[in-house]
Participant: 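A single structure is presented below for examination.
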Amino acid sequence: EADIYQTPRYLVIGTGKKITLECSQTMGHDKMYWYQQDPGMELHLIHYSYGVNSTEKGDLSSESTVSRIRTEHFPLTLESARPSHTSQYLCASTLGQGGSPLHFGNGTRLTVT
Amino acid sequence: RKEVEQDPGPFNVPEGATVAFNCTYSNSASQSFFWYRQDCRKEPKLLMSVYSSGNEDGRFTAQLNRASQYISLLIRDSKLSDSATYLCVVIRTGGSQGNLIFGKGTKLSVKP
């Protein structure tokens, strides 16, 4: 079983609040990813990192930001939550070497009221 | 045209049926291939890697055709518990998206 953890599991928050979604992995993986997924829809990459101090935006425009100060930690922050941010956020990591699969956390389901 | 394409389905099959999904990719720099399974409102979970020579895990068989640029997943003797969305994942060199490209998924529904 992969060791990648997301907290909180569920979050209901009011518009305008600042929130941070946590993601940690204990596998020493260099590459980490954040995806956004609405129910029944495809995954959209919003951020990724290839290692400490490396962060890139994905293909889906997002008002969130990320940081990668430590290998094991890749938090995602929304400065001012809006109802349009309501979605499931999935964190994933991989060793990044040939043939290494992606391991997912169990997700954070965010509802902004 | 999307870089990785899957038939979205849904595939509605009876228990015990054999069902096959294909996934096509357009970038010849694609290196690694995987099938993931995603249950409703859950995270994707690795079902199996896809090797050049083809590989089998119980009722599941995965194959790669580099010449035609597609991978396939065959499920034999379908169970009710196989109902899920099956995602094709391609890892390639260069480009954006962190080098990981997901298909949109194929939905499978196995009926009694």
Side-chain angles (χ1 to χ4, degrees), chain A residues 1-2 4-6 9-10 23 25 27 29-51 54-62 66 68 74 87-111, chain B residues 2-10 23 27 29-53 55 57 60 62 64 71 73 83-109:
Chain A
E1 200 67 31
I4 178 165
Y5 308 101
Q6 288 185 245
R9 184 74 178 90
Y10 301 94
C23 177
Q25 49 92 9
M27 297 172 282
H29 287 171
D30 282 328
K31 295 186 176 181
M32 296 189 74
Y33 304 80
W34 276 103
Y35 291 89
Q36 185 175 342
Q37 187 179 36
D38 293 322
M41 305 299 283
E42 64 185 297
L43 288 158
H44 290 286
L45 179 68
I46 49 176
H47 295 283
Y48 62 97
S49 167
Y50 282 172
S54 150
T55 60
E56 300 286 345
K57 287 188 179 292
D59 283 348
L60 180 68
S61 173
S62 173
V66 291
R68 189 87 184 275
F74 191 39
S87 190
Q88 173 159 258
Y89 292 83
L90 290 160
C91 180
S93 73
T94 178
L95 195 57
Q97 296 171 8
S100 301
L102 198 61
H103 299 277
F104 282 88
N106 56 10
T108 293
R109 192 169 299 282
L110 174 65
T111 302
Chain B
K2 298 273 286 184
E3 188 169 340
V4 174
E5 295 204 71
Q6 294 182 250
D7 182 341
C23 168
N27 193 323
S30 301
Q31 296 181 319
S32 302
F33 309 87
F34 305 92
W35 282 104
Y36 279 73
R37 171 201 168 116
Q38 186 173 27
D39 293 295
C40 187
R41 296 182 173 267
K42 296 288 184 80
E43 76 275 19
K45 293 190 176 179
L46 179 66
L47 179 65
M48 58 198 304
S49 303
V50 185
Y51 303 122
S52 297
S53 54
N55 47 300
D57 183 1
F60 300 86
L64 166 64
I71 65 171
L73 177 68
S83 297
T85 296
Y86 291 83
L87 300 167
C88 162
V89 180
V90 173
I91 297 180
R92 48 106 165 105
T93 57
S96 63
Q97 302 190 51
N99 299 338
L100 275 163
I101 313 298
F102 278 82
K104 288 188 175 183
T106 297
K107 187 171 182 179
L108 172 66
S109 181

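Below, chain A is the first sequence line, B the second, and so on; all start at residue 1. Any value given below was found using the heavy atoms of this structure, including those in side chains, with hydrogens, waters and symmetry copies removed.
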Participant: So do B:V89 and A:L102 actually touch side chain to side chain, heavy atoms under 4.5 Å?
Facilitator: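 Not in contact.
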Participant: Kindly give the heavy-atom pair with the smallest separation between B:Y36 and A:H103, and that separation in Å.
Facilitator: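 Taking every non-hydrogen atom into account, OH-N, 4.5 Å.
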Participant: Have A:Q37 and B:Q38 got a donor and an acceptor in their side chains that come within less than 3.5 Å?
Facilitator: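 Result is yes, a qualifying pair exists.
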Participant: Measure distances from A:E56 to the heavy atoms of chain B and classify the residue's part below 4.5 Å as side chain, backbone, both or neither.
Facilitator: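 For A:E56, no heavy atom lies under 4.5 Å from chain B.
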Participant: Tell me which of these, B:P44, B:G103, B:G105, has more heavy-atom pairs under 4.5 Å with chain A than the rest.
Facilitator: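 It is B:P44.
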Participant: Can you list everything that forms a salt bridge (Lys or Arg N to Asp or Glu O under 4.0 Å) with B:E5? Sequence neighbours excluded, please.
Facilitator: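 Per chain and number, B:E5 pairs via salt bridge (Lys or Arg N to Asp or Glu O under 4.0 Å) with B:R1.
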Participant: Do side-chain atoms of A:R109 reach the backbone of B:R41 as a donor and acceptor pair under 3.5 angstrom?
Facilitator: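 Looks like yes, one N/O pair under 3.5 Å.
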Participant: Given side-chain contact (heavy atoms from CB on, under 4.5 Å), test B:L87 with A:L43 step by step and report yes or no.
Facilitator: CA-CA 10 Å; B:L87 300 167; A:L43 288 158; 4.2 Å; yes
Participant: Out of curiosity, B:L46 CG to A:T94 OG1, how far, rounded to the nearest 0.5 Å?
Facilitator: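 Atom-to-atom, B:L46:CG and A:T94:OG1 are 10.0 Å apart.
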Participant: Under a 4.5 Å heavy-atom cut-off, does chain A meet the side chain of B:F33, its backbone, both or neither?
Facilitator: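 Contact with chain A involves no heavy atom of B:F33 at all.
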Participant: Identify which part of A:P101 has an atom lying under 4.5 Å from any heavy atom of chain B, answering side chain, backbone, both or neither.
Facilitator: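 Contact with chain B is through both the backbone and side chain of A:P101.
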Participant: Using the test salt bridge (Lys or Arg N to Asp or Glu O under 4.0 Å), find all partners of B:R37 that sit at least two apart in sequence or belong to another chain.
Facilitator: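 With neighbours one apart ignored, the set is B:D39.
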